[in-house]
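These notes concern the structure reproduced below.
Nothing here was measured: the structure is a model prediction, and the numbers come from that model.
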Amino acid sequence: MLCRGVIMSKPPKHILIFTDLDGTLLDHHNYSAKPADSFIKRLCDQGTADIIPVTSKTRSELLWLRKSIPLQNILSVTENGSVIHTCGSSPLFDDDRPHSIMLGIRYRAILEQVAKLPQSLRNHIAGFADMPVEQVMSATGLRLDDARRAQEREATEPFFWSGSASELSALREILIEENIQVQRGGRFYHLTGQATKENAMAKIINAFVDRKPDFQIIAIALGDGPNDLAMIEAADFGVIMPNPDGVTIETTNPKVRRAPVPGPEGWVMAVQEILVELGLNLPES
């Protein structure tokens, strides 16, 4: 029985925002983060939340993005959950040195398995390793240097698929024997190991729970592609971003909501709504 006069205070909240980039935090067409960039800066300056990119982009792309978007450099997840990167103090390591945790399969091993495919299936794959940089530019809308950074891959291969649904199923069956899966993103298919965005998020959340036992760790996850859905559904608060140019993802999970508009504007609106529900003070405009 509690003694009268004793008030049990709730533990302070520590918010982790796991976010996809293309089509979610970044506009699908011009890769701009406005107006989310200024909102993120205020969140970080105020210490309201940790923003953790969980993206299909490469480490090189993400490092370059940080020159224009005020993303924290402590934790990030690249190539669809395949690699976790830390820089500075993070709950995953006891020192401040940069670290990379490979959760997937290295890029060279993926390309070796692609080369072994039956030619009838291989002919339907147009991967980044197959494309000259000019073709990557055309396929993505990226500028030359950005396209080159997109080709600096560690653990995944984005590709266009020109075959049928039955041939895609055959591709999946062959590659799964080598622990390689085919994931559908917002723009491309991706060849990856068994790593997923959801698993990378879980590993990071568990590290925060272990290192911050006096805090209530709350995870928010936002994304627009099928490869984001498991991460979105596993979070305490999930947000599906509208993707008018790609595959629309659906869920019946009651913890998941849909942002009112696509891209960074919808990102800000969805995060603001959740933070208000959590009773947190929003950063001033």
Side-chain angles (χ1 to χ4, degrees), residues 15-29 31 33 36 51-57 77-82 104 139-140 156 158-173 175-176 180-205 218-278:
I15 310 299
L16 305 176
I17 301 178
F18 297 88
T19 180
D20 179 47
L21 294 181
D22 291 350
T24 298
L25 182 58
L26 304 179
D27 184 272
H28 236 320
H29 301 290
Y31 297 99
I51 316 294
I52 303 171
V54 186
T55 176
S56 61
K57 288 186 179 296
V77 181
T78 58
E79 301 194 44
N80 280 324
S82 295
T140 61
T156 63
F159 68 98
F160 285 125
W161 174 253
S162 60
S164 66
S166 61
E167 288 171 319
L168 183 62
S169 294
L171 176 70
R172 293 181 192 274
E173 289 179 10
L175 290 178
I176 201 66
I180 296 173
Q181 61 179 328
V182 179
Q183 295 191 52
R184 180 71 187 269
R187 190 190 302 260
F188 297 98
Y189 287 92
H190 300 264
L191 297 176
T192 77
Q194 295 303 304
T196 64
K197 291 185 176 187
E198 177 193 10
N199 290 343
M201 180 179 76
K203 188 174 183 67
I204 292 171
I205 291 173
I218 297 174
I220 301 171
L222 306 94
D224 73 311
N227 59 331
D228 298 313
L229 184 56
M231 175 180 76
I232 291 168
E233 292 180 326
D236 298 301
F237 296 87
V239 180
I240 292 175
M241 304 298 299
N243 183 348
D245 300 321
V247 178
T248 300
I249 53 177
E250 303 288 347
T251 183
T252 57
N253 190 314
K255 297 185 299 181
V256 176
R257 67 195 69 196
R258 185 173 297 274
V261 294
E265 182 181 356
W267 192 98
V268 171
M269 295 169 70
V271 171
Q272 284 179 328
E273 181 180 73
I274 293 169
L275 294 180
V276 168
E277 290 176 15
L278 290 170

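A search for side chain to side chain donor-acceptor pair (under 3.5 Å) contacts involving Asp228 returns Lys197, not counting sequence neighbours. Residues passing the side chain to side chain donor-acceptor pair (under 3.5 Å) test with Thr251 are Glu233, sequence neighbours excluded. Ser166 meets the side-chain contact (heavy atoms from CB on, under 4.5 Å) test with Ser164; sequence neighbours excluded. Scanning for ring-ring contact (aromatic ring centres under 6.0 Å, His included) contacts around Phe159 gives Tyr189, with sequence neighbours left out. With sequence neighbours left out, Glu250 forms a side chain to side chain donor-acceptor pair (under 3.5 Å) with Arg258.
Arg172 places a side-chain N or O within 3.5 Å of a backbone atom of Val182 that can act as its donor or acceptor partner. Using a distance-only test at 3.5 Å, with no hydrogens or angles considered, a donor-acceptor pair links the side chain of Gln181 to the main chain of Gly193. At distances below 3.5 Å, at least one donor-acceptor pair connects side-chain atoms of Asp236 with backbone N or O atoms of Ala219. Side-chain atoms of Ser169 come within 3.5 Å of backbone atoms of Ala165 as a donor-acceptor pair (strictly under, hydrogens ignored).
Rounding to the nearest 0.5 Å gives a distance of 7.5 Å between CD of Gln183 and OG of Ser82. Atoms CG and CG, on Asp20 and Asn80 in that order, are 8.5 Å from each other to the nearest 0.5 Å. With values rounded to the nearest 0.5 angstrom, Glu79 atom CD is found 11.5 Å from Lys57 atom NZ.
The heavy-atom pair separating Arg257 from Phe237 by the smallest distance is NH2-CD2, 3.5 Å. The two atoms that bring Lys255 and Asn253 nearest to each other are N-OD1, 2.8 Å, heavy atoms only. Here the closest non-hydrogen pair linking Ala33 and Leu26 is CB-CD2, 3.7 Å. Shown here for Pro53 and Ile51, the closest heavy-atom pair between the two residues is CD-O, 3.6 Å. Heavy-atom minimum distance, Gly266 versus Ala259: O-CB, 3.8 Å.
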_Let's go through Ile249 and Met241 carefully: what are the C-alpha distance in whole Å and the side-chain angles of both, what is the deciding distance for side chain to side chain contact (heavy atoms under 4.5 Å, CB included) to 0.1 Å, and is it a yes or a no?_
CA-CA 9 Å; Ile249 53 177; Met241 304 298 299; over 6 Å; no
*Could you go through the side chain to side chain contact (heavy atoms under 4.5 Å, CB included) check for Ile240 and Val256 one step at a time?*
CA-CA 7 Å; Ile240 292 175; Val256 176; 3.8 Å; yes
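Between Val271 and Ile274 the shortest side-chain heavy-atom distance does not fall below 4.5 Å.
Across Ile232, Ile15, Thr19, a single residue satisfies side-chain contact (heavy atoms from CB on, under 4.5 Å) together with Ile220, and that is Ile15. When each of Asp22, Thr24, Asp224 is paired with Asn243, the side-chain hydrogen bond (donor to acceptor under 3.5 Å, both in side chains) condition holds for Asp224 and for no other.
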N/O donor to acceptor pairs below 3.5 angstrom from side-chain atoms of residues 198-205, sequence neighbours left out:
residue, atom, partner, partner atom, Å
Asn199, ND2, Thr196, OG1, 3.3

